[in-house]
Each structure stands twice: as C-alpha cells, then as structure tokens.
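Working notes, structure below.
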Amino acid sequence: MSLRIYNTLSRQTEEFVPLQTPQVRLYTCGPTVYDFATIGNFRAYVFEDLLRRTLRFRGFQVTQVMNLTDVDDKTIRGAQAAKVALGDYTRQYTNAFFEDLRTLAIEPAEHYPAATAHIPEMIALIEILFQKGYAYRSEDGSVYFSIAKFKDYGKLAHLDLTGLKPGARIAQDEYQKENAADFALWKAWQSEDGDVAWDSPWGRGRPGWHIECSAMSMKYLGASFDLHTGGVDNIFPHHEDEIAQSEAATGRPFVKYWMHCAHLVVDGRKMSKSLGNFFTVRDILRRGYSGREIRYALMAVHYRQALNFTFEALDADCGALARLDAFSERLLAHNDQKSAVSGQRSEDGGQQSKIENQKSKMSALPAWMGAYLAAFTRALDDDLNISLALAALFDFVHEGNKRLDEGALSPAEAAQALDTLAHIDGVLGVRPGDTLIPPAAVVQLAQARLQARQRKDWAEADRLRREVEAQGWIIQDAPDGFRVKRNSDPRVNAQIGNG
RNA sequence: GGCGCGAUAGCCAAGCGGUUAGGCACGGGUCUGCAAAACCUGUUAGACCGGUUCAACUCCGGUUCGCGCCUCCA
C-alpha cells in the first residue's frame, strides 16, 4: 500500500511519488499578517499539518516552506490606520500567528520566509521573465505578466480566460494592462503606499502578490518540487499565476501535486463579521475550549469537504477526545500502578525522534493491535481519509477496553497499546499536554477529602469536593484512591479562566 | 452564463453493488457513601423520481434544494 492523494492539477487521486524519495518538498501558502487569523484560515493550516505529519508517518522526510505575506494592500492600509511602520504592524500579527500555531499543535515548517525579506529574489525573477518576453512594463512603472504568452495558462483552474473582458471588477489602476487577465508582477508606487516602496529596475514600487511564492519556493525548494497546498480559493488566480510565472521563468514543471482544502463555514454560512459568526482561535479559547479540541474539530472532517463549524460539533469532539484520554489513562494505570494522578505523559520529546522510535516498536505488535494500526494507516493512505482513520482508532479503543474488562490484556500489552496510541498521535497531535496535571493545592484538597471519606465524614468530603470544583478540577473516586481531572466543560473553564 | 462540489439516522461524519463504519447525544446494564467517570450494550439512515441489476445508500439519467470559484479571500 502506498499514499494516494488528490491532485488538483489532474482532478484525480494519484499515487504519491516524490521527485526524490524519501525527500518531500512541500510549500504551503501562509497567512497575510494583517490581523488575527480565523479558524477558517487555520482549517487550512491544520490540513497542511495533517498532510505533513502523514508524510512523516509514512517515512518521508519533509522540508516545508510556509510564506508570510507581510506586504500587500491590507497590511499597508492596516499599518497606516494604526499609524505605525509596516514592519511593526505585521510583527504583532506574525507573533500571534505563531502563538496560534503552537496552540493548535501544528508542527513548525522548516522555513518561514517573509515577503519583505525577499524583494531581491523577486526582482531577479521578474528580470528573467522580461528576458524571456513574458513581462511588460506599463507607463506608470508597473510590470505585468502576459498570459497570452504562456500557452498552459488555465491548466490548474481549468478556466478559459480567452473571452474575458475588462469589466467593473477590474481596478482602475490596472487599466494599462494589455489583457484583462494579466496580473501584476510589480506594482508602481502610489501615494497610498506611503513609505512602503523598494527600488527596482522599473522604478520604485512593491511586488505583486503572486511573485513572492514563486521566488521563495524556488529559493528554498528548487525550481521543481513535490507538493503545494492552500485553500480552494487560491486555485485561481493565485496558484494559476504562480505556475505561469514559475514555469515561464524556468521552463520546468513547477509543482508535481497541488492540494487544496475546502472552506470552513459556521452554522452553514460563510463566516462574516456582520453575521456574528466570525471566530479567531483566540475567540474559541476564550470560550473555554482548548487548542487540541479546536484542532480536532478542524481536522476531523475530510479536507476536501466543506467543514461546518458549530459549537455543538465542537462539544461532541470534546467527548470524543475524552474517550481517547480515558482509554490512555486506563492503559497507563494497568501498566503502571504509580499513576494515581491522571494526565502524565512520558513522551513529549522531539517529534522527529519520536516517530523514528515508534516505528521500530510497531513491528512487534500483537496481531489484533497491528490490524487497527494498519487500518488507520490504510485510511490515511487514501487521500487522508481522516474520518475512516478515526473510526479505526475508536475501534481500537473499543477492543482495548473490552480486553481490559475481560482481564485479557497484560501490562506489557498495555504498554504496547500506549506506544500504538503515541504512534497514531504522531499524526493526530491531540494528546493532552501539561494542562491535565493538577496543581499541588488541588491535590492537597483531594487528599484531605480522601481522609474525610475514610472517616466517613461525608459532609466535609462533599465540601472539599466543591472547593476543588470551584478551581476547575473534578475528583473521581477510584478503588485505589482518587483521580483529579481538569474540568473539560468549556463553560466552566471560560468562567474561571482555565483555558 | 462557465467550471466544480454536496444532500446519509437527533447532531457530526465514512466506506461499500449483497456482510455492524465511527464520534456525540439518548435508552438499558455493571460499578458506587454521594457524585461522577469509565466500560459494556441497544435504537433511530441514505432528498425526490425513474433506469440498470438476481440485488442500489452505493452505478446511470432526471428533479429539487444547498454551496464554492470565475482577478488578489485559507
């Protein structure tokens, strides 16, 4: 079995064969850092992370580039409105973006090139396009790409633009284009740009949007690379234009596989500020949900399927995660009696070595366990069929629980089951972190309650339970004492700031 | 108008021409000072109309409804 993915270029599911196995070069269209990114944006980044983790799970070595668009109309306008320098303005949102990536356990890419740090590369690329006759300069000093010169134009979007005529949607400042569908490689300076400008052979100005991705992907990944991802809305014009620029300049195929994820909607409607259904990751955290819960919700629907985000679904996802947690805890307790306190995890080392280590362990699994791991893998192999993969995981949980009930699972097998879960989580990235370890004060209260129980002082025991609950933790009695768990009810967490 | 996607049980969401998807919720049970948690277990499907077939949720055609893109929005 091998990994198969849907290629937007062919509109078909194809076997994934990298240009230089086992090396995989992946380019991901990153954020425009003009505001906090929304959960819609992060749907795309969680998808890209699932792809990245699946590739690594399947033994590929991934080199990933994610660009940061830090100069465009919106960033310039935002900086001017805030009366700060462009770099100062974008820096705060870049920092927020990286914070959100960590919140959602998205593995870092190898490179995060910023557009403003690669102006010379873009200018060099535009010069090549001039030399080869694909670019022309208009009177105002802007430079455009002539799509008429590139015969494959439209092969990604499957659009026929030959009949397209200039209309109302063509901005006034672009009247100088030869063809309505020609796009800007370089934008001549205008007064609205303020002090945002760079010198170029064609005069002062700034780069067009598409050129940054071509220039930066070539710099870090080479003229041809394996995978390019983004949201469906990027297919046209952004990715179509990237192909045109890049292939015109190098004469070589730009990208082998294009993958695009569908949009996220909220309550069945497009997210918009006027509908009041507009959410950033921070907004959801403020409501008491955790990063991994948001991650799970954004990941659990197949990437080519529109994702309908609702709080009802998010609550259901919390339940699903709780089921996974409970199974891990049972296994941990079965394997190691020391675990009176829930939530401790041994392995949070580097992801790279983690996956390598897991791999060798996975070869010696009991047959029943191996079958579920195989089913999980098979599902991912089929164009990242996450729903089917999760079904395999929950089938594994079900059988594991059953075996525990029947006393048919040895402590050694429990350890193997934990290894299997860790291996699977190398892809999913939803295991709880330190947030599940209770503070010492809470544990003390729980201890005091245990003593009250042993005295059969039920009133005091109940009082102490309520005190613990007020701090966002729940006591669960167990045959060997008690467990303290973080309250996962988002309403409670939102209230006491437990998020 | 052009290109494309979808409609599955209370909600979310898969595979499959005939054999239990899965999660949440709900019902029943085990356990329990209380409380919960956990586990086991059960019920509710395939928008509509035709066709192909021994057999269709699954293939084909049509209808209805919803959605996306068609110049800078992941």
Side-chain angles (χ1 to χ4, degrees), chain A residues 8 11 28-32 37-48 69 72-74 147 154 157-161 163-164 166-167 169-171 174 177 180-184 208-210 229-238 240-241 260-265 268-271 296-297 300-302 304-310 312-327 329-330 342 375 379 382 385-395 397-398 400-402 404-406 453 456-459 461-462 465-466 469 474-479 483 485:
Chain A
T8 306
R11 307 283 158 125
T28 299
C29 272
T32 301
T38 68
I39 54 171
N41 301 132
F42 277 104
R43 199 261 167 118
Y45 303 128
V46 168
F47 149 65
E48 148 274 296
T69 301
D72 79 322
D73 290 353
K74 282 177 296 198
I147 65 160
H158 292 207
L159 285 175
D160 179 11
L161 295 170
L164 192 71
R169 297 188 70 177
I170 303 302
E174 297 185 3
K177 294 195 287 190
D182 287 352
F183 55 91
W209 176 35
H210 316 299
T229 68
V232 284
D233 50 278
N234 279 153
I235 294 173
F236 191 86
H238 185 48
E240 191 67 59
D241 291 348
H260 295 93
C261 76
H263 276 168
L264 173 146
V265 295
R269 295 161 144 235
K270 197 167 177 172
M271 201 162 56
Y296 188 94
V301 176
H302 184 85
R304 284 193 285 124
Q305 188 79 33
L307 188 154
N308 185 16
F309 180 90
T310 64
E312 197 185 357
L314 185 55
D315 287 336
D317 292 330
C318 295
L321 285 174
R323 184 167 160 81
L324 293 179
D325 295 348
F327 181 52
E329 279 164 23
R330 268 193 101 179
S342 66
D382 182 15
N385 189 333
I386 189 69
S387 301
L388 198 58
L390 289 171
L393 170 59
F394 282 103
D395 284 341
V397 171
H398 182 249
N401 272 317
K402 210 164 172 174
L404 280 164
D405 282 356
E406 291 163 355
R453 281 191 74 210
K456 296 199 189 294
D457 183 352
W458 308 127
D462 290 348
R465 175 201 292 288
R466 283 192 296 273
E469 281 172 357
I474 292 173
I475 297 174
Q476 288 170 6
D477 294 324
R483 281 154 200 272
K485 295 182 73 166

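Lettering follows sequence order; numbering is per chain, from 1.
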Q. With sequence neighbours excluded, what pairs up with A:Ala313 under the side-chain contact (heavy atoms from CB on, under 4.5 Å) test?
A. A:Thr310

Q.
Whole angstroms only, please: what is the CG-P distance between A:Leu314 and B:C11?
A. 18 Å

(Q) If you assign A:His210 and A:Ala300 each to the RNA chain B nucleotide with the nearest heavy atom, which residue ends up on the more 5' nucleotide? (A) A:Ala300

Q. Which pair of non-hydrogen atoms, one from A:Phe47 and one from A:Cys261, has the smallest distance, and what is that distance?
A. CD2-CB, 3.6 Å

(Q) Rounded to whole Å, how long is the line connecting atom CG of A:Leu307 with atom P of B:G68? (A) 15 Å

(Q) Rounding to an integer number of Å, can you tell me how far A:Leu324 CG sits from B:A38 P? (A) 12 Å

Q.
For a quick check, with a 4.0 angstrom heavy-atom cut-off, what is the B/S/- contact string for nucleotides 20-35 of chain B, read 5' to 3'?
A. -BSSS--------BBB

Q.
Checking A:Asp462 now: which residues fulfil salt bridge (Lys or Arg N to Asp or Glu O under 4.0 Å) with it, not counting sequence neighbours?
A. none

Q) Does OP1 or OP2 of B:A38 have a side-chain N or O of A:Lys402 closer than 4.0 Å? A) no

Q | A:Arg11, CZ atom: more than 12 neighbouring heavy atoms under 6.0 Å | A | yes

Q) Using the ring of each side chain (for Trp, its six-membered ring), is A:His238 parallel, tilted or perpendicular to A:Trp209, with breaks at 30° and 60°? A) parallel

Q: Could you tell me which non-hydrogen atom of A:Ala157 sits nearest to which non-hydrogen atom of A:Ile235, and how far apart they are?
A: CA-CG2, 3.7 Å

Q) Want to settle it: does A:Gly30 or A:Asn401 sit nearer the 5' end of RNA chain B, counting the closest nucleotide to each? A) A:Asn401

Q) Rounded to the nearest Å, what distance is computed from the CZ atom of residue A:Phe236 to the P atom of nucleotide B:G4? A) 16 Å

Q: Between B:C72, B:A14, B:U41, spot the one nearest the side chain of A:Pro237, thanks.
A: B:C72

Q) Counting any heavy atom closer than 4.0 Å, what does A:Ile235 reach on the DNA or RNA strands: base, sugar-phosphate only, or nothing? A) nothing

Q: Rounded to the nearest angstrom, tell me the gap between atom CZ in A:Arg43 and atom P in B:G68.
A: 14 Å

(Q) I want to verify a distance call: between B:U41, B:A14, B:C73, whose nearest atom is closest to the A:Asn385 side chain? (A) B:A14

